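Report on the structure given below.
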Amino acid sequence: MPQIEAGNDAAQPLRLDHPAARLYRHLTPSESLTIMDMSTKSPARRIDSLGDVTGGYDAIFCDVWGVVHDGLTKKRPAEAALAAARQAGLKVVLLTNAPRPAAAVAAQLDTLDFSRDAYDAIVTSGDATVALLDELGGPIFHVGPARDFDLFEGTGLEKVDEADAHAVVTTGLFDDDTETPADYADMLARLAARSLPMVCANPDIVVNRGDRLVFCAGALGRDYAALGGTVRLAGKPHQPIYDLAARVIGGIDRSRILAIGDGLMTDIAGANRFGIDVLLITEGIHGAELGGPDAASHTIAAMLAEKGLAANYLMADLQ
């Protein structure tokens with residue numbers, strides 16, 4: 001029986017036959033995920049700019065990949081919108097499922113010339129995952145690229161070969177330009193046969209890099225769980241990353257926080273569960289499934305409701 005644990009998140013399992021599974025681009029149908037009754041929620045409304053609604057909020061939790069950049073190029077209107085929100089007095093936290101510490105994500109944004117005036121802080125899945133790493137204790141086998149080594153700095157964890165490991169930490173594929181999860185089937189089977197626990201530092205299954213999709217650590221976590229392995233996560237949509245972001249902004253009431261994101265089962269589900277309003281970016285990872293830029297608001301709202309999700313606002317791209 002697959003087991004996926006969300007840090008300290010106490011959620012009920014999502015059934016394989018639940019409608020949400022049909023749009024499960026980021027998480028696995030076996031993962032703990034609370035499905036809520038959104039039938040009483042007001043329909044989402046389209047807005048022309050972020051400035052149309054910022055007057056009702058004191059803080060923003062904004063997704064990164066797919067909202068402020070596409071992996072190759074920054075999105076200038078998003079940068080300008082977030083900078084304007086800060087100028088209006090809101091605190092802006094970039095909330096990302098990147099498996100690396102915040103400083104590494106800031107450095108990546110710098111290479112894209114994304115202005116630091118557009119955000120106050122960055123909170124990553126890597127940051128939220130550190131507590132899970134502390135619980136592992138024994139030597140770990142790291143599955144992921146060398147660029148993610150900074151996740152382990154200060155943890156005291158010993159990285160060893162597969163045969164000597166007591167646990168597994170995945171931050172992604174070794175080479176996401178050329179590999180797919182199928183390349184890891186034999187290795188995951190060996191690890192599962194030894195009942196090694198896995199910490200997945202990035203719940204995303206795929207992200208857009210330019211005009212193509214690349215696989216993330218969540219794809220390996222999904223496959224490991226399907227083999228009966230235990231997988232632990234702390235990134236979106238789970239509580240630990242939101243608790244960390246809430247501490248960063250210093251006690252702002254949840255009714256005054258707006259989440260922005262394009263991932264249904266990460267950004268939107270996480271915001272719904274945390275009890276904060278949400279702006280869905282419809283031309284992100286789910287653009288085609290949501291009906292494209294001309295899809296009616298009530299159609300998208302109905303699709304979300306079928307999946308136990310809701311959004312307060314809709315916008316094709318953040319601006």
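Small disclaimer: the values here were computed from a predicted structure and weren't measured.
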Item checked: Other residues, nucleotides, ligands: >12 heavy atoms within 6.0 Å of Arg256 CZ -> yes
Item checked: Single-linkage hydrophobic cluster Val231~Met187, side-chain heavy atoms < 4.5 angstrom -> yes
Next item on the list: Determine, stepwise, if the pair Arg100 / Thr124 fulfils side-chain contact (heavy atoms from CB on, under 4.5 Å).
Entry: CA-CA 7 Å; Arg100 306 175 67 192; Thr124 75; 5.9 Å; no
Next item on the list: Sequence neighbours left out, what passes side-chain hydrogen bond (donor to acceptor under 3.5 Å, both in side chains) with Asp70? Give chain and number order.
Entry: none
Notebook entry, point to check: How far apart are the C-alpha atoms of Val123 and Arg247, what are their side-chain angles, what is the distance that settles it, and do they pass the side-chain contact (heavy atoms from CB on, under 4.5 Å) test?
Noted result: CA-CA 10 Å; Val123 173; Arg247 290 196 295 272; over 6 Å; no
Checklist line | Counterpart residues, side-chain contact (heavy atoms from CB on, under 4.5 Å), relative to Ser255 (two or more places apart) | finding: Asp253
Item checked: Any donor-acceptor pair under 3.5 Å from Ser125 side chain to Ala201 backbone -> yes
Next item on the list: Sequence neighbours left out, what passes side-chain hydrogen bond (donor to acceptor under 3.5 Å, both in side chains) with His142? Give chain and number order.
Entry: Thr171
Item checked: Validation row: Arg209, Asp177 side chains within 4.5 angstrom (heavy atoms) -> yes
Check: Which other residues end up in the same hydrophobic cluster as Phe149, if Ile, Leu, Val, Met, Phe, Trp and Tyr are linked when side-chain heavy atoms come under 4.5 Å apart?
Finding: none
Notebook entry, point to check: Can you tell me how far the OG1 atom of Thr54 sits from the CG atom of Leu279, to the nearest 0.5 Å?
Noted result: 11.0 Å
Checklist line | Side-chain heavy atoms of Leu95 within contact of Asp267, under 4.5 Å | finding: no
Notebook entry, point to check: Could you state the interatomic distance from CZ (Phe215) to CG (Asp175), rounded to the nearest 0.5 Å?
Noted result: 13.5 Å
Next item on the list: Start with the C-alpha gap between Ile249 and Phe61, add the side-chain angles, then the distance that decides, and say whether side-chain contact (heavy atoms from CB on, under 4.5 Å) holds.
Entry: CA-CA 10 Å; Ile249 61 173; Phe61 291 170; 3.8 Å; yes
Note to self: Between Lys236 and Asp204 (salt bridge meaning N to carboxylate O under 4.0 Å), is one present in this structure?
What the structure shows: no
Notebook entry, point to check: So do Val53 and Arg45 actually touch side chain to side chain, heavy atoms under 4.5 Å?
Noted result: yes
Check: Any side-chain heavy atom of Val169 within less than 4.5 Å of one from Met198?
Finding: no
Check: Applying the side chain to side chain contact (heavy atoms under 4.5 Å, CB included) test to Ile122, which of Val93, Leu109, Asp127 qualifies?
Finding: Leu109
Margin query: In the structure I gave you, are the side-chain heavy atoms of Leu309 and Met265 within less than 4.5 Å of one another anywhere?
Written below: yes
Notebook entry, point to check: Just how far is it from atom CD of Glu283 to atom CG of Asp317, taken to the nearest 0.5 Å?
Noted result: 6.5 Å
Item checked: Side chain Gln319, main chain Asp48, donor-acceptor under 3.5 Å -> yes
Next item on the list: State which residues pass ring pair (Phe, Tyr, Trp, His ring centres under 6.0 Å) with Tyr242; sequence neighbours excluded, sorted by chain then number.
Entry: Phe274
Notebook entry, point to check: Transitively linked via ILVMFWY side-chain contacts under 4.5 Å: Leu264 with Met303?
Noted result: yes
Check: Is the side chain of Asp120 donor-acceptor paired with the backbone N or O of Val92 at a distance under 3.5 Å, no angle test?
Finding: yes
Notebook entry, point to check: With Lys91, which residues qualify under salt bridge (charged side-chain N to carboxylate O under 4.0 Å, His left out), at least two apart?
Noted result: none
Item checked: Presence of salt bridge, Asp262 and Lys75, under 4.0 angstrom -> no
Check: Ignoring hydrogens and geometry, is there a side-chain-to-backbone donor-acceptor pair from Arg194 to Ala165 under 3.5 Å?
Finding: yes
Item checked: Validation row: Val105, Leu94 side chains within 4.5 angstrom (heavy atoms) -> no
Next item on the list: Mark yes or no for whether Glu79, through its side chain, and Ala118, through its backbone, hold a donor-acceptor pair below 3.5 Å.
Entry: no
Note to self: When you measure from the side chain of Tyr184 to the backbone of Val143, do you find a donor-acceptor pair of N or O atoms at a distance under 3.5 Å?
What the structure shows: no
Next item on the list: Please report the C-alpha distance between Asn97 and Cys216 in whole Å, then the side-chain angles of each, then the deciding distance to 0.1 Å, and finally whether the side-chain contact (heavy atoms from CB on, under 4.5 Å) criterion is met.
Entry: CA-CA 10 Å; Asn97 270 345; Cys216 302; over 6 Å; no
Notebook entry, point to check: If you round to the nearest 0.5 Å, how far is CZ of Arg86 from CZ of Arg116?
Noted result: 11.5 Å
Check: Under 3.5 Å, is there a donor-acceptor pair between the Asp277 and Tyr57 side chains?
Finding: yes
Notebook entry, point to check: Do Ile140 and Leu133 have side chains that get closer than 4.5 Å, going by heavy atoms?
Noted result: no
Next item on the list: Answer yes or no: is there a donor N or O on one side and an acceptor on the other, between the side chain of Arg232 and the main chain of Pro197, under 3.5 Å?
Entry: no
Notebook entry, point to check: Would a hydrophobic clustering, with Ile, Leu, Val, Met, Phe, Trp and Tyr connected at side-chain separations under 4.5 Å, put Ile281 with Phe114?
Noted result: yes
Next item on the list: Working to the nearest 0.5 Å, report the span between CZ of Arg222 and CG of Leu227.
Entry: 11.0 Å
Check: In terms of hydrophobic clusters joined by side-chain contacts under 4.5 Å, are Val68 and Leu258 together?
Finding: yes
Item checked: Atom pair CD (Gln108) and NE2 (His69), whose distance is rounded to the nearest 0.5 Å -> 4.5 Å
Check: Do Tyr119 and Leu82 have side-chain heavy atoms sitting under 4.5 Å apart?
Finding: no
Margin query: Grouping I, L, V, M, F, W and Y whenever their side-chain heavy atoms are under 4.5 Å apart, do Leu244 and Ile276 come out in a common cluster?
Written below: yes
